[in-house]
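First the structure, in the form of structure tokens, and then the observations on it.
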Amino acid sequence: MNDILDKLNPAQKEAVETISGPVLILAGPGSGKTRVITHRIAYLIKVCKVNPRHILAVTFTNKASREMQERLSQLASSVAGSITMGTFHAICARILRADGTAIGVEAGFVIYDQDDQISLVKRAMQELNLDPKQHSPSAVLNQISTAKCQTFGPKDYIKRGRSYFEEVVGRVYERYQERLKSSNALDFDDLLMRTVELFRAHKAILERYQTRYVHVMVDEFQDTNLVQYELVKMISAKYRNLCVVGDPDQSIYSWRSADLRNILNFEKDYPEAKTILLGQNYRSSKTILDAASAVISTNKQRKPKELWTENDQGAPVTLAETYNEQEEAQFVVNEIEKLVSRQEAKLRDVAVMYRTNAQSRALEEAFIRYGTPYKLVAGTRFYERKEVKDVIAYMRLIQNPADDISLMRVINVPQRGIGERTVADLSIWAKPLGLSLYDALREISGQIAGDSQKVLFSPRTTKLLVDFFKMVEELKSRSQSSKLVDFFDRVVDSTGFREYILASPDGEDRWDNVMELRGVVKDYNELPPGEALSSLLEGVTLVSDVDSLKESTDTVTLITLHQAKGLEFPIVFIVGMEEGILPHIRSFDDPAQMEEERRLCYVGITRAKSRVYLVRAFRRNMMGGSNVNAPSRFLKDIPAALTTGSRPWKTEEKRIFQKEYEWAASPVTSEDESLPELQAGDAVRHAQFGEGVIIGAHPVRNDVEAIVAFKGIGVKKLLLSFAHLEKVE
DNA sequence: CGAAAGGCTCTTTTT
DNA sequence: GAGCCTTTCG
């Protein structure tokens, strides 16, 4: 049994053994946090003989939860499955499905994601005759979300409202909640807020959970918001065995209402709390840890804490400057190829991190051009793709016909002649009758049969509406009887979705996405029909992209800095180390946000075990135009002794001049090897870029890369096997 | 009345 | 460059 404690250092051991009362574990990066949590749970079960049913563990992502389950089953095999583990949202969804009826939440509710939330805000604003140009729906939603994270309902919000804007938001908020209710839907924030509401209103229910969960643990506590903390406090109030784990320096979700004060308040709310610092880093080289510390130590709103490692000094941090984002991507790919060919790393050891999703584009292009396998973690996130959301909306509508948002999404997809105007009219007609849009369709179908004289729509439109209604009814009856996959195929088939997708631009790719969704559907196939559908729908709303990150294949990982939290890689590239990108321009006028950018940079660097590359570009194309960005201020904070490569801020002006000159002049040099049919100096034509001159060429893998200066466009690097250059005389 | 085409504005990060 | 909205055409 002592193997649970054997391989732990003194601080880790203390964290594992302190099982009663409140505990705050401050865990630096790479300090074996996951290990401590899993060992602590194993210790509770195996040594203290705690029934696993009595343990609740909250994680930040589903992936973290799965990983913990896996590690746990190695330590305490058989029982690991029976503890409650998951994200706040997943756990709350479970609680509300079980007990939500007490506060009027029906068990069959659907969960609205951000996309749906925006649609609903727009709809609410429309109903209130508010101009979306005057108040942006996303700003309004933001306010609503913030309010919910502080458990302010519409009434509380309106009471507090001071400005004109808040008055408007209050009205929208009220209407928004009404609409959620009539659609039998909850949004992300509702899952949390309404669970708190449930517990406040029904002490008996709360007590049941309090009695069950004797031991409560929360991971990534620095990124919890007020409702989440409230929830945790309520559930653990009876036994006060609450263990929270976090690192204030890695708090990067304040824009999602995460509140660092939770950590400060924890010590206030639980004066008897024991605080344990995990300061030894087992992940990174000394150099990397020192560089990261140098970056984070500039923050003012922070308690310094001592981090150390017994790992080797390791390689210096590589700083690199490139001309633009294409060259930046090129540099990354070349460097990776070098590492791989020297057998210093496999592709799977490498992650390329960036601040904004848009930055992945240039990287992807370079990876594709060189044929280096990669996987993109976000981009257009899978479940947010139009084609995927559309199919899901069909299924949601079938499961919950009250879901107006889903109905509006699909009623004319593929186009069946039911336009905006018709839907608006339908909505206006349904509202005073208290009908959902779907029930309104049912009424209309009934009227046709009953030959009512009330004619709402033209005969043509009426027929279209009735046809749609009948189709959905038909599918609904299917959903009761068929296996989920058969039902899925039926949906895609009888709605005409398949032909519609295949006929659209990039149809093949989009169809592949639908088929990928079908693969997910298969996982639920063995459940009984009714249950299968609702589990599927909940699953697809609450998963994130990191959750599906597989380690098995040997590819480079492209990932945002936010998503990289909690992961580790031997080799990390951070690109876009520029003012305006990292730190992001939106943080310039707010010192608190600037500190968060710094933490983000810190999180990125500390993901690395052995090598870090910090790359920046002089020029970057953003919204059509091209910008010259100064090097990131974070680069300056890393002592020169820890780095290799150019310190860009010294040579910057010179570089800009040289580079701009070189590019503008596009001199035809003689650095070339000769090509099969083309050589330097040849004039060529390209389908997209027009006419140009070959500047140089060199072999790449089993291909040749040509460098071509195009008239009015600039210099491009092209692989001959792809580019189809045509020689011009 | 719906669909297609052109013009406008803004770009962070996500459970 | 893309999504969103408005205008125009059928």
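Reminder, nothing fancy here: chain letters follow the sequence lines and each chain counts from 1.
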Distances under 3.5 Å between protein N/O atoms and the N/O atoms of nucleotides 3-8 of chain B, please, pair by pair.
unit_1, atom_1, unit_2, atom_2, d
B:dA3, OP2, A:Asn412, ND2, 3.2

TODO: Determine which bases of DNA chain B form Watson-Crick or G-U wobble pairs with both distances under 3.5 Å, and write the result as a 5' to 3' dot-bracket string with | for other-strand partners.
DONE: ||||||||||.....
TODO: Assign A:Arg361 to base, sugar-phosphate, or nothing according to its heavy-atom contacts below 4.0 angstrom with the strands shown.
DONE: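 A:Arg361: backbone/sugar contact only, no base atoms under 4.0 Å.
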- [ ] Classify the nucleic acid contact of A:Thr541 as base, sugar-phosphate or nothing, counting any heavy atom under 4.0 Å across all strands shown.
- [x]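 Here A:Thr541 touches no strand at all.
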[N] [atom2] sits how many Å from [X] [atom1], rounded?
X        : N      : atom1 : atom2 : result
A:Glu596 : B:dT14 : CD    : P     : 13 Å
A:Asn225 : B:dT14 : CG    : P     : 17 Å
A:Leu192 : B:dT14 : CG    : P     : 18 Å
A:Asp189 : B:dT14 : CG    : P     : 16 Å
A:Leu600 : B:dT14 : CG    : P     : 10 Å
A:Arg598 : B:dT13 : CZ    : C1'   : 18 Å
A:Ile559 : B:dT14 : CD1   : C1'   : 13 Å
A:Leu561 : B:dT13 : CG    : P     : 11 Å

Between [options], which is the residue that forms a side chain to side chain contact (heavy atoms under 4.5 Å, CB included) with [X]?
X        : options                      : answer
A:Phe266 : A:Val232, A:Val218, A:Val244 : A:Val244
A:Leu186 : A:Val105, A:Val110, A:Leu180 : A:Val105
A:Gln330 : A:Glu365, A:Arg369, A:Glu325 : A:Arg369

Task: Electrostatic pair A:Glu538:A:Arg97 at N-O distance under 4.0 angstrom - done: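 Looking at A:Glu538 and A:Arg97, the cut-off is met.
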Open item on the list: Any salt bridge linking A:Arg599 with A:Glu596? Criterion: basic side-chain nitrogen under 4.0 Å from a carboxylate oxygen.
Closed with: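 The answer is yes: the pair qualifies as a salt bridge.
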Open item on the list: Heavy atoms from C-beta onward define the side chain here; which of B:dG2, B:dT13, B:dT15 lies closest to that of A:Arg421?
Closed with: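 Ranking B:dG2, B:dT13, B:dT15 by closest atom to the A:Arg421 side chain puts B:dG2 first.
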Open item on the list: Taking the minimum atom-to-atom distance to the side chain of A:Thr422, which one of B:dT14, B:dG2, B:dT15 wins?
Closed with: B:dG2
Hey, do the aromatic rings of [X] and [Y] have their centres closer than 6.0 Å?
X        : Y        : answer
A:Tyr602 : A:Phe634 : no
A:Tyr253 : A:Phe60  : yes
A:Tyr173 : A:Phe152 : no

- [ ] For the residue pair A:Tyr500 and A:Phe497, categorise the inter-ring angle as parallel (less than 30°), tilted (30 to 60°) or perpendicular (more than 60°).
- [x]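 Taking A:Phe497 first and then A:Tyr500, their aromatic rings sit tilted (interplane angle of 30° to 60°).
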Open item on the list: Which label fits A:Phe367 and A:Tyr374: parallel for a plane angle under 30°, tilted from 30 to 60°, or perpendicular past 60°?
Closed with: tilted
Open item on the list: Restricting to side-chain contact (heavy atoms from CB on, under 4.5 Å), what partner residues turn up for A:Val472, sequence neighbours left out?
Closed with: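 With neighbours one apart ignored, the set is A:Leu397, A:Ile398, A:Tyr438, A:Phe468.
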Task: Contact list for residues 414-425 of chain A, test side chain to side chain donor-acceptor pair (under 3.5 Å), sequence neighbours left out - done: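 Matches after skipping sequence neighbours: A:Tyr394-A:Arg416.
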Give a yes/no on whether any side-chain N or O of [X] is located under 4.0 angstrom from OP1 or OP2 of [N].
X        : N      : answer
A:Thr61  : B:dT15 : no
A:Arg256 : B:dT14 : no
A:Asn357 : B:dT13 : yes
A:Ser458 : B:dC1  : no
A:Arg586 : B:dC10 : no

TODO: Taking the six-membered ring of A:Phe588 (Phe, Tyr or Trp), confirm whether the NZ or CZ of A:Arg633 is under 6.0 Å from its centre and within 45° of its axis.
DONE: yes
Task: Test item: A:Asp113 side-chain N/O and A:Thr541 main-chain N/O as donor-acceptor pair under 3.5 Å - done: no
- [ ] Say whether, by atom type as modelled, one donor and one acceptor occur between the side chain of A:Arg607 and the main chain of A:Leu567 under 3.5 angstrom.
- [x] yes
Show the distances under 3.5 angstrom between N or O atoms of the protein and N or O atoms of nucleotides 6-10 of chain C.
none

TODO: May I ask whether A:Trp255 stacks on the base of B:dT13, given the cut-offs of 5.5 Å between ring centres and 30° between planes?
DONE: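 Yes, aromatic ring over the base.
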- [ ] Between A:Val423 and A:Tyr253, name the one whose nearest nucleotide on DNA chain B is closer to the 5' end.
- [x]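 Upstream on the strand: A:Val423.
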Task: C1' spacing across the pair C:dC4 / B:dT13, given as an integer number of angstrom - done: 22 Å
- [ ] Using a cut-off of strictly less than 4.0 Å between a heavy atom of the residue and any atom of DNA chain B, enumerate the qualifying residues of residues 110-130 of chain A by number.
- [x] A:Gln114
